[in-house]
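Throughout, a chain's letter reflects where its sequence line sits, starting with A, and its residues are numbered from 1.
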There are 2 protein chains.
Amino acid sequence: MSSASKPKPQRSVTLATFLPYRLNVLATVVSGGLGRIYGERFGIGIPEWRVLATIGEFKRITAKAIGQHSEMGKVKISRAAASLEERGFIQREANADDLREMFLTLTPAGQSVYDEIVPLALNYAAQLTADLSPDEEATFGMLLDRLLARARKEFDGSEL
Amino acid sequence: MSSASKPKPQRSVTLATFLPYRLNVLATVVSGGLGRIYGERFGIGIPEWRVLATIGEFKRITAKAIGQHSEMGKVKISRAAASLEERGFIQREANADDLREMFLTLTPAGQSVYDEIVPLALNYAAQLTADLSPDEEATFGMLLDRLLARARKEFDGSEL
DNA sequence: CCATCATAGTTACATTTGTAACTATGATTC
DNA sequence: GAATCATAGTTACAAATGTAACTATGATGG
């Protein structure tokens, strides 16, 4: 070992400056705020919203594909879909080519709810970033993606 | 109404580019990754870690104060503290000046666990941001704080 | 000081979520 | 073309979390 300058091995964690904690707090506050909007008006929760949003985006999609696009386990999707179907917001249609899977589509009622939520959700996101310049917003999104890519690598164990 | 140029009212939400969703995904992956570290080795969950970290930071603190510093409800703290006490990681000590509250402190065993987790947690956070330059990291943190401040305002209802 | 009100923390109950097993169907291989 | 293996989705059970009620103590105001 040469030169010097110990990089100051900290002996404690300050929660308020600890990134995993801060990310969790922000995500919780944001999810809660947005969830309140569609929760109060339409009585649906986050998993239901994600399923609805994914069907709204892809029009006709299987539960498995929803899982890949929405980061949810199949159990959660199954439950959310059952709940949305009960309320008449989505329909299930067996795939004749593979009877294991079902295509999900929005009913007219579901499309109508979706059409109502979309502007509320977009507005929420716009309000959330209202204090940021377009540049800052783009930067934040870019860094978010890079952090996510890194977090997904799980750091291959060598440093744990 | 004058001029023109509709600001293109989007008719759908692309989940993959929707900030609340992306924040939630990142926070979930990060919490999961970090949680696995102290979960597997010490058998503690996120609420326990937060309580432990807060006591480690403040040395002697009431449950209420932990709540203020760690964004957790009192029920969660009560349960986490009970679990940590059962395992001999923390001690409770009634405040003679106000018998309603209890000061929590780390036992030697708890301090030892804390001392083991701190470098792991700091290292996790360092690995997480390893792809970012110091400038980018600072920028991300700053924007995170501004978003959090904004999200907390709950947008005063006028735009909902 | 005693009646009311507020607060710290716990407990009870309901809701949500995750894990694992299961059911039904499809793919593969010998 | 039966036996094995893989996959989509559901169900059953367990663990975690939230909401509300409760207990004990302290503060306040007449």
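Protein chain A contacts DNA chain C over a range whose 5' and 3' limits, counting nucleotides with an atom under 4.0 angstrom from a non-hydrogen atom, are dT17(C) to dG26(C).
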message: side-chain contact (heavy atoms from CB on, under 4.5 Å), that's the test. Do E48(B) and S83(B) meet it? Break it down for me.
response: CA-CA 8 Å; E48(B) 283 91 357; S83(B) 151; 3.4 Å; yes

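A heavy atom lying under 4.0 Å from DNA chain D marks none of the residues of residues 48-62 of chain B. In the region residues 69-106 of chain B, proximity to DNA chain C at under 4.0 angstrom, judged on heavy atoms, holds for K74(B), V75(B), S78(B), R79(B), R92(B), R100(B), E101(B), M102(B).
Note on ring orientation: taking the six-membered ring where Trp is involved, the planes of W49(A) and Y114(A) are parallel (angle under 30°, cut-offs 30° and 60°).
V29(B) pairs in a side-chain contact (heavy atoms from CB on, under 4.5 Å) with only one of the listed residues (L23(A), L148(A), L147(A)), which is L148(A).
Judged purely by atom type and a 3.5 angstrom limit, T129(B) uses its side chain to pair as donor or acceptor with the backbone of A126(B). When atom types are taken as modelled, the side chain of T107(B) and the backbone of F89(B) share a donor-acceptor pair closer than 3.5 angstrom. At least one donor-acceptor pair closer than 3.5 Å links the side chain of S70(A) to the backbone N or O of I66(A).
Salt bridge annotation for E85(A)-R92(A): present, with a cationic side-chain nitrogen under 4.0 angstrom from a carboxylate oxygen. Salt bridge annotation for E136(B)-R146(A): present, with a cationic side-chain nitrogen under 4.0 angstrom from a carboxylate oxygen. A salt bridge between E71(B) and R50(B) is absent, with no side-chain N of the basic residue lying under 4.0 Å from a carboxylate O of the acidic one.
Taken to the nearest 0.5 Å, the CG atom of L34(A) stands 13.5 Å off from the OH atom of Y21(B).
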